[in-house]
2 protein chains.
Amino acid sequence: MRAFEVVLAWVESRILGGELTVGDQLPAERELARQLDVSRAAVREAVRTLQAQGVLRSSVGAGGAGGTTVTSVPARALVRLLRLHVALANFPVDDVIEARIALERLSIRLACTHARASDLAAMRQAIAVMAQPGVDKARFNDADTALHVAIAEAAGNRLAADLTIAIRESMKVPLLVAFSYVADWDQLVARLSADHAELYAAIDEGDADRAETLVETHIRSAWARLQAALPAGGRHTGS
Amino acid sequence: MRAFEVVLAWVESRILGGELTVGDQLPAERELARQLDVSRAAVREAVRTLQAQGVLRSSVGAGGAGGTTVTSVPARALVRLLRLHVALANFPVDDVIEARIALERLSIRLACTHARASDLAAMRQAIAVMAQPGVDKARFNDADTALHVAIAEAAGNRLAADLTIAIRESMKVPLLVAFSYVADWDQLVARLSADHAELYAAIDEGDADRAETLVETHIRSAWARLQAALPAGGRHTGS
DNA sequence: CCGGCCGTTTGGTCAGACCATTTGCGTCGC
DNA sequence: GCGACGCAAATGGTCTGACCAAACGGCCGG
């Protein structure tokens, strides 16, 4: 077993065994290296691995604030992971769309019963940005992401929310590329904004069945329109 | 920007820009360090980060086989990530179950139309193992995982499959723990095996609607039985 | 022409050093 | 007595230089 894997196994087994939980501190790098009889470089490589998974967080300095602690921030890690694999075309965009629909149906269903006032406000905010006349494509893209993130956050299901966020974020660049090929941008904005208004109404009324249907139709039809606008040849960001 | 982040940004931007795709080789560590004017240690930390995301693969030795190449093996990376966060109780098991149902409904629906003979064989194999009288709990757990993985693989949707695999794998240990509390193990095996037979029949016949309903009922009722068997207090592996 | 040997390349690891940041305590000045 | 200042220690971040093991590829001898 390679040296950094020894460290990895040490930390992972303690996390899986419950001996290390969120907030706990790891021994200092030098100390851990001494304990496991590996070099400090090996410890650092293992720590980087776990940081990439959103499991550890390091900060410099002495005392309680300094050191490496266990956290649990999977959203960022998932976004980075998915974004890269989507770019590598391992996950064809069509497949991503299908998975996204499955997750967002769940998210929006839960959001219908769990949404709080602040969640609804975030949705309205995003919808308002997208409804501005002559809205910029990049701004629209960001706001649409924000809307779907807000819905996912409102669901109260962390895994579904984080996966939804990761998927939507990973599609941001490919979608922006697709936007650039759209001929009648204002018409697309109008159609999508109408969808968003309906979506919001369904959530606000707590009509889970209608919301589920709407979000599937919304995602599917939006993607169909974008696909129709795309040039024939596949791109590295597409499929 | 920290040194290893410089390397990270260099690699990521090239992947997102399509200049690096699966199969391509990175410059050698020493070379890349020289190019980016950082130490080799910084390069290695960045490489470890990307390896944790299933984006890079390193092997020693000269010539074509050696060096660091771009790959795309997200399944393992997702499994490790989810397993840790489930253990950290950031993802409550009940939330995981809901997300799993959403994804497996999609997977099994696709499997009904895409399953090949080899996929069906893998399912039968797993089901046969679980149907053995007096089957071991660990073996049953592995075979059940194999069954759901086989269904996911049969779907032909890589993202849905990888997410399904990651979720089922991340639940392996918590499920095994839950198994240990089950009073009438043989009865549970009988019930679950009956479910599996029905599931297989639906896939074999290509009845997507029935399969979707069955898999949801299967996962939900199995989890309900296990929850009923669990001791009252939450564990670090459950919630 | 073939097979084994050896140098080169590459990732894996280690040791030791220095830096920047942060904390916490002790000292100095008022 | 008390507060502000400052220094020592701890910690992650980085770099240098070295050596090891594996694997390829060409050279050389049979």
Side-chain angles (χ1 to χ4, degrees), chain A residues 1-12 14-15 20 22-73 76-77 80, chain B residues 1-12 14-15 20 22-73 76-77 80:
Chain A
M1 186 182 282
R2 285 175 290 186
F4 88 94
E5 288 178 317
V6 172
V7 185
L8 214 48
W10 187 91
V11 177
E12 285 191 349
R14 265 162 186 71
I15 288 177
L20 274 178
V22 175
D24 290 354
Q25 289 236 352
L26 256 65
E29 291 178 356
R30 294 165 177 82
E31 170 64 16
L32 193 51
R34 203 184 55 75
Q35 279 186 28
L36 300 180
D37 199 36
V38 296
S39 73
R40 195 178 153 212
V43 172
R44 288 183 59 77
E45 289 184 16
V47 167
R48 286 275 176 257
T49 294
L50 291 161
Q51 281 179 347
Q53 297 171 337
V55 167
L56 293 183
R57 171 188 155 280
S58 294
S59 44
V60 297
T68 302
T69 64
V70 178
T71 63
S72 194
V73 197
R76 280 175 196 282
R80 296 172 72 82
Chain B
M1 186 181 280
R2 286 174 291 186
F4 88 95
E5 289 179 316
V6 172
V7 185
L8 213 49
W10 187 91
V11 177
E12 286 191 347
R14 264 162 187 71
I15 288 177
L20 275 178
V22 175
D24 290 353
Q25 289 236 351
L26 255 64
E29 291 178 356
R30 293 164 177 83
E31 171 64 15
L32 192 50
R34 199 182 57 74
Q35 278 186 30
L36 300 181
D37 198 36
V38 296
S39 74
R40 197 180 151 209
V43 171
R44 288 183 59 77
E45 290 184 16
V47 168
R48 286 276 176 257
T49 294
L50 291 162
Q51 280 179 348
Q53 296 171 338
V55 167
L56 292 184
R57 169 188 155 281
S58 292
S59 43
V60 297
T68 302
T69 65
V70 179
T71 63
S72 194
V73 196
R76 281 176 195 282
R80 297 172 74 81

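Any value given below was found using the heavy atoms of this structure, including those in side chains, with hydrogens, waters and symmetry copies removed.
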In this structure, how many angstroms lie between the [atom2] atom of [N] and the [atom1] atom of [X], rounded?
| X | N | atom1 | atom2 | value |
| --- | --- | --- | --- | --- |
| B:Leu32 | C:dG11 | CG | C1' | 13 Å |
| B:Glu29 | C:dT13 | CD | C1' | 11 Å |
| A:Arg2 | C:dG12 | CZ | P | 6 Å |
| A:Met1 | C:dG12 | CE | P | 15 Å |
| B:Arg57 | C:dG11 | CZ | C1' | 12 Å |
| B:Leu50 | C:dG11 | CG | C1' | 16 Å |

Of the residues in residues 40-49 of chain B, which ones touch DNA chain C at a heavy-atom distance under 4.0 Å?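 Close to the strand are B:Arg40, B:Arg44, B:Arg48.
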Counting only heavy atoms and a strict 4.0 angstrom limit, can you tell me which residues of residues 63-70 of chain A come near DNA chain C?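 Result for residues 63-70 of chain A: A:Gly63, A:Ala65, sorted by number.
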Which nucleotide of DNA chain D is the first, and which the last, in the 5' to 3' direction, to come under 4.0 Å of a heavy atom belonging to chain B?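 Here the contact window of chain B covers D:dG13 to D:dC24.
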Check the pair A:Asp37, A:Val6 against side chain to side chain contact (heavy atoms under 4.5 Å, CB included), reporting the backbone distance first and the verdict last. CA-CA 10 Å; A:Asp37 199 36; A:Val6 172; over 6 Å; no
Assuming nearest nucleotide by heavy-atom distance, tell me which of A:Ala62 and B:Pro27 is located more 5' along DNA chain C.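 First, find each residue's nearest nucleotide; the 5'-ward one identifies B:Pro27.
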Mapping A:Val38 and A:Gly61 onto DNA chain C by nearest heavy atom, which one lands closer to the 5' end?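 Whichever sits nearer the 5' end wins; that is A:Val38.
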Any donor-acceptor N/O pair, A:Gln25 side chain to A:Gly64 backbone, under 3.5 Å: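 Checked: pair present.
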Under the criterion side-chain contact (heavy atoms from CB on, under 4.5 Å), which of B:Leu50, B:Thr49, B:Leu8 is the partner of A:Arg80?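 Among B:Leu50, B:Thr49, B:Leu8, the one that satisfies the side-chain contact (heavy atoms from CB on, under 4.5 Å) with A:Arg80 is B:Leu8.
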Give me the one residue out of A:Val22, A:Ile15, A:Val11, A:Thr71 that meets side-chain contact (heavy atoms from CB on, under 4.5 Å) with A:Val55.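 The option that passes is A:Ile15.
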Contact check, side chains of B:Val70 and B:Leu56, non-hydrogen atoms, under 4.5 Å: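 Heavy-atom side-chain distance check passes, below 4.5 Å.
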Side chain proximity check, A:Leu32 to A:Val7, heavy atoms < 4.5 angstrom: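 Counting from C-beta outward, A:Leu32 and A:Val7 do come under 4.5 Å.
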Any chance you could measure [X], atom [atom1], to [Y], atom [atom2], to the nearest 0.5 Å?
| X | Y | atom1 | atom2 | answer |
| --- | --- | --- | --- | --- |
| B:Phe4 | A:Arg44 | CZ | CZ | 8.5 Å |
| A:Glu45 | A:Arg2 | CD | CZ | 9.5 Å |
| B:Glu12 | B:Glu5 | CD | CD | 10.0 Å |

Which heavy-atom pair separates A:Gly23 from A:Thr69 by the least distance, and what is that distance?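 Answer, listing the atom of A:Gly23 first, then A:Thr69: O-CB, 4.5 Å.
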Under 3.5 Å, is there a donor-acceptor pair linking the side chains of B:Glu29 and B:Thr68?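 The answer is no; no qualifying pair exists.
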